[in-house]
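What follows is a single structure, written as structure tokens, with notes after it.
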Amino acid sequence: MKIAFIGLGNMGGGMAANLAKAGHEVRAFDLSEEALARAVEAGCIAAKAANFAVHGADAVVTMLPAGKHVTQVYEESVFGTAEPGTLLLDCSTIDVETARINVANAASYDLVAVDAPVSGGIAAANAGTLTFMVGGTDEGFARAEPILAAMGKAVIHAGDAGAGQGAKICNNMLLGASMIATCETLALAQKLGLDPQKFFDIASVSSGQCWSLTSYAPLPGVGPVTPADNGYAGGFAAALMLKDLRLAMEAAASVDADVPMGSKARELYEAFVEADKDGRDFSAIIQTLQK
Ligand code: NAD
């Protein structure tokens with residue numbers, strides 16, 4: 001299959017490489033020449049501009065920073081360039097409203113679009129083990145699934161247009177709030193004189209168990225190896241968590257949902273990201289709670 005891939009950054013680079021490895025003809029484009037050169041090394045074909053990649057492609061994958069970038073690429077390089085019937089898969093994390101508008105606008109050009117954001121970081125993008133949550137029609141999902149399966153371990157149809165983005169930001173709001181709860185709990189346990197590994201052993205098999213504790217323990221030397229054991233480098237940058245929490249708050253406001261824990265998590269990550277100059281993993285927020 002001929003696939004245009006636009007946005008070859010931390011995530012898109014590995015994803016495009018996995019599509020090429022699966023035997024697809026991947027026409028890649030990024031504004032960054034370094035990113036484009038890396039994609040060529042990984043088996044993709046460099047396009048001079050996004051519309052060159054899109055022309056004649058069976059499918060167009062985008063992996064861009066935010067909604068405004070996706071809309072710009074769609075309006076300038078996809079709509080009017082892609083053949084009718086072409087499948088558009090936007091894997092970026094963007095706001096639900098923009099995702100729905102993009103899908104509707106694509107339909108007016110006879111294009112089939114799905115929102116397909118991912119869970120899993122750079123390592124999962126490189127390894128081809130992402131989880132995709134897909135919003136769109138049954139037809140869109142059926143066509144998207146085999147393409148996404150070449151980049152991930154799970155592909156789930158979340159519902160209609162925008163449902164993929166809805167699932168993504170709900171999941172990450174839960175993750176942000178549960179990470180902070182895990183961090184403040186570990187800090188309290190330490191202040192109460194408990195050995196943190198002992199507390200980890202207890203809570204991991206008790207009712208306080210959660211992914212942030214058991215799989216992503218935010219203290220070095222406690223539980224499995226996590227970014228905490230690497231000076232909080234790598235992993236999922238706190239700035240990206242803040243981006244997702246802001247999207248969650250926007251979505252909550254649009255449907256008048258009450259999200260006090262998500263709102264507090266957003267507030268705490270805002271303060272953390274502003275003060276942290278090293279772009280550390282989101283679990284490093286524990287250091288602000290240990291003081
Ligand atoms: P990134 O900044 O590393 O990559 C984005 C790429 O898009 C850059 O290479 C940039 O040059 C390119 N770009 C921007 N505008 C463009 C345009 N108009 N045309 C062509 N290329 C353009 O970001 P990332 O970490 O790869 O994240 C991409 C998306 O995935 C974001 O929406 C992010 O929220 C989401 N996400 C990231 C992670 C993660 O761990 N990094 C995890 C899950 C989801």
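One-based numbering, in listed order, for ligands and for the atoms of each. Scope of the values below: all heavy atoms of this structure, side chains included, with no hydrogens, waters or symmetry mates.
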**OP:** Look at ligand 1 and say whether G120 reaches it with a heavy atom at a distance under 4.0 Å.
**Re:** yes
Original post:
Going by distance alone, is a donor N or O of one side chain under 3.5 Å from an acceptor N or O of the other, for T131 and K153?
Top reply: yes
Original post:
Quick one: which ligand 1 atoms are inside 4.0 Å of a heavy atom on S92?
Top reply: 32 (O)
Original post:
Would you say L240 has any N or O atom under 3.5 Å from an N or O of ligand 1, going by distance alone?
Top reply: no
**OP:** Looking only at distances, please establish whether an N/O atom of ligand 1 is found under 3.5 Å from an N/O atom of C91.
**Re:** no
Original post:
Atom CD in E33, atom CG in L8: separation rounded to 0.5 Å?
Top reply: 12.5 Å
Subject >> salt_bridge(E250, R246) N-O dist < 4.0 Å >> reply: no
Original post:
Tell me, which protein residue and heavy-atom name are nearest atom 34 (O) of ligand 1, and how many Å apart are they?
Top reply: K243 NZ, 2.8 Å
**OP:** Calculate, to the nearest 0.5 Å, the distance between atoms CG and CG belonging to N126 and N18 respectively.
**Re:** 7.5 Å
Original post:
Going from CD1 on I169 to CG on D244, what distance comes out if it is rounded to the nearest 0.5 angstrom?
Top reply: 8.0 Å
Original post:
Rounded to the nearest 0.5 Å, how far apart are OG1 of T288 and CD1 of I180?
Top reply: 8.0 Å
Subject >> Numbered atoms and elements of ligand 1 in range of T93, under 4.0 angstrom, heavy atoms >> reply: 32 (O), 34 (O), 35 (C), 44 (C)
**OP:** For atom 26 (O) of ligand 1, grab the closest protein heavy atom and report residue, atom and distance to one decimal in Å.
**Re:** M11 N, 2.8 Å
Subject >> ligand 1 to N10 polar contact by distance, N or O atoms, under 3.5 Å >> reply: yes
Subject >> Distance in Å, N172 CG paired with F236 CZ, rounded so as to fall on 0.5 Å steps >> reply: 5.0 Å
**OP:** Measure from atom 23 (O) of ligand 1 to the protein's non-hydrogen atoms and state whether any distance is below 4.0 Å.
**Re:** no
**OP:** State whether E267 and K264 are salt-bridged, where the test is any N-O pair (Lys NZ or Arg NE/NH1/NH2 against Asp/Glu carboxylate O) under 4.0 Å.
**Re:** yes
**OP:** Record the part of E33 in heavy-atom contact with ligand 1 below 4.0 Å; permitted values are side chain, backbone, both and neither.
**Re:** neither
**OP:** State whether the side chain of D229 and the backbone N or O of T226 hold a donor-acceptor pair below 3.5 Å, judged by distance alone.
**Re:** yes
Subject >> Nearest option to atom 12 (C) of ligand 1, as decided by whichever heavy atom of V73, V70, D30 sits closest >> reply: D30
Original post:
In the protein, which heavy atom is nearest to atom 4 (O) of ligand 1, and how far is it?
Top reply: G9 CA, 3.3 Å
Original post:
More than 12 heavy atoms of other residues, nucleotides or ligands under 6.0 Å from NE2 of H55: is that the case?
Top reply: no
Subject >> Test item: side-chain donor near acceptor, D276 and Y232, under 3.5 Å >> reply: no
Original post:
Please state which protein non-hydrogen atom is closest to atom 30 (O) of ligand 1 and give its distance, to 0.1 Å?
Top reply: M63 CE, 3.1 Å
Original post:
To the nearest 0.1 Å, how far is atom 15 (N) of ligand 1 from its closest protein heavy atom, and which atom is that?
Top reply: L31 CD1, 3.7 Å
**OP:** Output the list of atoms in ligand 1 that are nearer than 4.0 Å to some heavy atom of I6, sorted by atom number.
**Re:** 20 (C)
Original post:
Looking only at distance, does Q72 have an N or O less than 3.5 Å from an N or O of ligand 1?
Top reply: no
Original post:
If you count the atoms of ligand 1 from 1 in the order shown, which ones are under 4.0 Å from a heavy atom of G121?
Top reply: 40 (O)
**OP:** Count the heavy atoms belonging to other residues, nucleotides or ligands that lie under 6.0 Å from NZ of K277, then report whether that count exceeds 12.
**Re:** yes
Original post:
Applying the side chain to side chain contact (heavy atoms under 4.5 Å, CB included) test to F141, which of V134, V114, I156 qualifies?
Top reply: V134
Subject >> Close approach, P65 and ligand 1, non-hydrogen under 4.0 angstrom >> reply: yes
**OP:** Pick, from L64, L130, D90, T131, the option with the minimum heavy-atom distance to atom 7 (O) of ligand 1.
**Re:** L64
Subject >> Test of proximity, D244 against ligand 1: N or O pairs below 3.5 Å >> reply: no
**OP:** For V118, take its heavy atoms, then give the atoms of ligand 1 lying under 4.0 Å from any of them.
**Re:** 43 (C), 44 (C)
